Amino acid sequence: MSLNTKAIAKNAYFISKHRGRVTARVRVPGGHLEARHLEIIKEIAERCGNGTVHLTARQAFAIPGIPAEKIPEVRKLLAPYIREAEVGMGVNLPDPEGGFPVPLPPNVLACIGSRDCVFGNIDTAELAQKIERTFYPGSTLLKIGVAGCANDCAKVHMQDVGIIGMVEPLYDPARCIGCEACVKNCRRAASGALRAENYKVARDDLRCLGCGECVLKCPTGAWSRGAKYYRLVIGGRTGRKHPRAARTFLEWAGEEAVIQVIANILAYIEKHRDKTLPKEHLGYIIDRTGYGVFKQEVLAGVNLGPRAKVAKYINFGGYAYDKGVQLT
Ligand code: SF4
Ligand code: SF4
Ligand code: SF4
């Protein structure tokens, strides 16, 4: 049987190394789903695949070993999931029975965030789904990750765009007993932004990461969580060609500003990407246009708010392969 590989790939299936077989990929926006949806994944794997399921690094499901002629059956089984997990969240997919409509749908990945983690400053899955609602199913390659705090369990520094939840720590001196637990912990586990002063605590705003650790450490509730903000890191990437970690672009930005910036990044990619290549990561495009052009275009028309800070320059560092270098 000859496969129409282009049509299959457009429907978000991978062509397998096993002749005549494909792997179905199922997106999980924000990495969070209803437990009952696992029944659907199980049924597809057992009825149409080889009985196994692979969890991808982007928090999606890959269901391998599906004979290509069973794709219509997979679509039928998958439709309720797409209706509930994508359309139900507000994603614009008018034909759930048709499966996923674009070939490369990297879902926004996220750590569990404030839904369950004591460190979480933001509801990561909610933000991930909001971003998906705005941008999926566009076909521009943009890998986005969301971490609930600076611990970055989601490894967003390896994404094209990483979003990290921040919080403004609010200090009530009347409740402070001067125990210095927050000062010691900030020095040990964060950035050393706190110092003891006359049996009270002072915070260096420039050093503060907005991680919220001080709130967790204070035995008297003298620190509390104030407004939520976001740090945006850009240009991270993996792959064989010059992998590198993302660098900070914005700090203390609001949620709406982050969504607008991501919309502008998509436009920037479409304007500047190398159209001779099937895809190109954001970091390579920034390397070509320069950070100044990137900054100007993606901040155009964005109200960052009074608290936001923008990186003046970025030196991405990382490494380039040099065949003359001997590794020992
Ligand atoms: S990044 Fe922060 S919020 Fe997310 S799981 Fe890790 S510690 Fe929790
Ligand atoms: S939010 Fe984090 S970095 Fe800022 S003062 Fe508290 S512990 Fe230190
Ligand atoms: S941990 Fe709380 S009580 Fe102790 S110094 Fe810090 S703010 Fe004051």
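Source: prediction; values computed, not measured. Numbers here simply count residues along the sequence, with the first being 1. Start at 1 and go down the list; that is how both ligands and their atoms are numbered.
- No donor-acceptor pair closer than 3.5 Å links the side chain of Asn198 to the backbone N or O of Lys200.
- Those atoms of ligand 3 that come under 4.0 Å of a heavy atom in Tyr171, given as number and element, are 7 (S).
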N/O donor-acceptor pairs under 3.5 Å from side chains in residues 210-220, not counting sequence neighbours:
| from | atom 1 | to | atom 2 | distance (Å) |
| --- | --- | --- | --- | --- |
| Glu213 | OE1 | Asn185 | ND2 | 2.7 |
| Thr220 | OG1 | Arg175 | O | 2.8 |

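- Here Cys218 fails the criterion, with no N, O or S atom under 2.8 Å of atom 4 (Fe) of ligand 3.
- Hydrophobic clustering keeps Leu209 apart from Val258 (ILVMFWY residues linked when any side-chain heavy atoms are closer than 4.5 Å, directly or through intermediates).
- Protein heavy atom in closest approach to atom 3 (S) of ligand 3: Ile177 N, 3.4 Å.
- Shown are the protein N/O/S atoms under 2.8 Å from atom 6 (Fe) of ligand 1, given by residue and atom: Cys153 SG.
- The side-chain heavy atoms of Phe135 and Val108, taken from C-beta on, include no pair separated by under 4.5 Å.
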**Report entry** Candidate pair Arg273 and Glu270, rule salt bridge (charged side-chain N to carboxylate O under 4.0 Å, His left out), full reasoning
**Finding:** CA-CA 6 Å; Arg273 76 182 168 85; Glu270 283 309 312; 3.4 Å; yes
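- The two residues Pro29 and Tyr81 come nearest to each other via the heavy atoms CD-OH, 4.4 Å.
- Looking at heavy atoms from C-beta onward, Val22 lies in side-chain contact with Ile15 at the 4.5 angstrom threshold.
- The closest side-chain heavy-atom distance from Arg237 to Arg244 is below 4.5 Å.
- Going from atom CD of Gln159 over to atom CZ of Arg58 covers 4.5 Å, rounded to the nearest 0.5 Å.
- Of all protein heavy atoms, the one lying nearest to atom 5 (S) of ligand 3 is Glu180 N, 3.1 Å.
- Ion pairing between Lys184 and Glu180 fails under the 4.0 Å rule for side-chain N and carboxylate O.
- Note that the SG atom of Cys111 and the CG atom of Asn151 stand 9.0 Å from one another [nearest 0.5 Å].
- Considering Cys176, Pro173, Ala222, Gly221 only, the shortest heavy-atom separation from atom 8 (Fe) of ligand 3 involves Cys176.
- Not close to ligand 3: Ala196, with no non-hydrogen atom less than 4.0 angstrom away.
- In terms of protein heavy-atom proximity, atom 4 (Fe) of ligand 3 is closest to Cys179 SG, 2.3 Å.
- Protein N/O/S atoms closer than 2.8 Å to atom 8 (Fe) of ligand 2: Cys186 SG.
- Of the heavy atoms in Val201, only side-chain atoms (C-beta onward) come closer than 4.0 Å to ligand 3.
- Residues Ile262 and Ile163 form a side-chain contact, since some pair of their non-hydrogen atoms from C-beta on lies under 4.5 Å apart.
- Within the listing of ligand 3, atoms 3 (S) sit less than 4.0 angstrom from a heavy atom of Thr220.
- By the 4.5 Å side-chain criterion applied to Ile, Leu, Val, Met, Phe, Trp and Tyr, Leu109 is assigned to no cluster and stands alone.
- Cation-pi check for Arg27 over Tyr136 is met; the charged atom lies under 6.0 angstrom from the ring centroid and within 45 degrees of its normal.
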